[in-house]
Amino acid sequence: MALTNPYLKGVYDTVLRRNPNEPEFQQAVLEVLESFEPVVAARPELEKNGIIERIVEPERMVMFRVPWVDDQGKVQVNRGFRVQFNSAIGPYKGGLRFHPSVNASVIKFLGFEQCFKNSLTSLPMGGGKGGSDFDPKGKSDAEVMRFCQSFITELSRHIGQFTDVPAGDIGVGGREIGFMYGQYKRLRNEFTGVLTGKGLSYGGSLARTEATGYGLCYYMKEMLAHKGTSFEGKTVVLSGSGNVAIYACQKATELGGKVVTMSDSNGFIYDPNGINLDVVKDIKEVKRGRIKEYAERVPGSSYTEGQRPWSVKCDIALPCATQNELTGEDAKLLIAGGCKFVAEGANMPSTPEAVAAFLENDVFFGPAKAANAGGVATSGLEMSQNSLRLSWTFEEVDQRLQGIMVNIFKTCIEAADKYGHKDNLVMGANIGGFEKIADAMLAQGVV
Ligand code: NDP
């Protein structure tokens with residue numbers, strides 16, 4: 001699909017001119033603008049009020065030096081980012097990513113997508129994202145702590161419980177959030193819900209750790225039900241072995257599916273008997289090891305170095321590792337292997353060619369901003385609990401999460417239908433997320 005509407009084409013040309021050398025951001029904007037064609041045609045007030053020009057331009061972006069001292073006493077310098085993309089419907093909200101691949105383009109693509117995702121949850125959260133090119137892998141706890149303290153010392157002047165509430169993402173888990181929260185509290189002398197993904201002993205929410213993976217499976221459950229089927233007896237191919245992948249594997253299995261693969265950036269494991277998650281958790285969460293150790297420990301399983309799992313035959317695919325991990329060629333392999341359902345646990349894991357292949361070949365496809373919104377939705381629930389000074393039970397949070405995922409699916413289906421793209425969840429998620437933000441921006445004047 002290419003842009004045909006002159007207004008949208010003009011906006012996209014400006015995005016290309018203003019953001020050269022930012023391929024991930026350009027890719028995310030193009031994919032979203034393509035979905036807006038029928039909306040812009042039906043609602044001329046959007047062009048008159050410059051809504052699309054404003055929505056592709058972050059409200060603010062900060063970039064900063066993060067100096068820290070390693071265990072050898074040597075000073076290291078990383079680069080920190082925070083993009084505050086859109087606050088029309090609530091304080092900026094979105095994760096922090098610590099990974100060597102982080103740069104302005106990656107942070108802007110993630111922040112842009114986050115706006116629509118947060119809107120879809122129906123909770124009052126604007127969109128933001130941040131992070132650093134720091135690599136926590138191979139660092140000691142003390143080094144990670146010194147880095148986190150330096151990072152948040154600078155970021156603290158830009159965030160706050162009513163302004164911008166960061167969370168975790170790749171490379172930022174409970175350990176990192178704890179170090180950053182402690183330092184923020186010390187700097188501000190206040191105990192507020194400024195970060196989510198906190199530990200349970202200091203304001204975290206039950207079920208936050210599980211939320212993205214569980215939410216992904218709740219969304220897939222709705223997709224399957226919409227086509228008159230369920231997880232029961234289905235073979236599931238899953239990538240990644242981090243937070244999202246682990247809990248997606250657990251919930252998919254609980255719902256009756258058989259998950260046969262997981263991966264990390266080195267390769268993938270295949271277990272025809274269904275992944276034994278206790279072994280994966282021990283390797284990844286306890287020993288912080290590599291996924292290949294699974295094949296050494298579980299008889300009958302195998303490990304393939306340097307490849308992704310998309311050649312394995314399945315009914316359902318759940319990419320849960322990172323952006324652009326599933327190419328057009330991979331999509332063809334999945335389709336040839338009989339895959340009929342795909343939902344994205346990671347952010348933008350499928351390339352545009354892969355998404356096109358799914359849509360053209362009758363694969364029911366759930367895009368990230370809808371399918372993985374369970375994580376940020378539960379972060380929103382953590383914010384609510386912090387404001388109420390209350391903690392809900394695991395079951396209560398999980399129930400709300402299920403309700404939110406069912407509602408997101410409904411919003412996507414209805415938005416796609418309204419603009420003549422029945423069952424196209426890409427269109428539905430983009431439009432469903434967009435219209436609420438656009439209406440809020442229209443109501444708030446030129447800001
Ligand atoms: P983790 O850091 O816990 O896990 C990331 C996983 O992806 C690891 O298995 C990692 O392997 C793998 N991976 C990372 N980079 C690459 C790469 N270049 N090629 C292949 N594999 C790679 O992160 P999360 O599970 O939290 O996040 C995974 C995805 O889900 C991201 O896209 C994130 O933005 C998205 N997401 C996460 C949410 C959350 O609540 N955590 C919420 C919504 C979306 P290795 O160990 O080798 O690096």
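Atoms considered below: every heavy atom in the structure, side chains included; atoms not considered: hydrogens, waters and symmetry mates. Order of appearance sets the numbers: ligands from 1, and atoms from 1 within every ligand.
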Would K258 and D271 pass as an ion pair if we require N to O under 4.0 Å?
no
Among pairs that include at least one residue of residues 309-318, which meet side-chain hydrogen bond (donor to acceptor under 3.5 Å, both in side chains), considering only residues two or more places apart or in two chains?
none
Restricting to side chain to side chain contact (heavy atoms under 4.5 Å, CB included), what partner residues turn up for E22, sequence neighbours left out?
N19, F25, A104, S105, K108
On the six-membered ring of F112, is K129 placed so that its NZ or CZ lies under 6.0 angstrom from the centre and within 45° of the ring axis?
no
Heavy-atom contacts under 4.0 Å to ligand 1, chain-then-number order, include exactly R97, H99, K137, D169, I170, G171, R208, T212, G240, S241, G242, N243, V244, S263, D264, S265, K284, R290, R308, C320, A321, T322, G345, A346, N347, N372
Is the shortest side-chain heavy-atom distance between W68 and D70 below 4.5 Å?
yes
Who are the ring pair (Phe, Tyr, Trp, His ring centres under 6.0 Å) partners of Y184, not counting sequence neighbours?
none
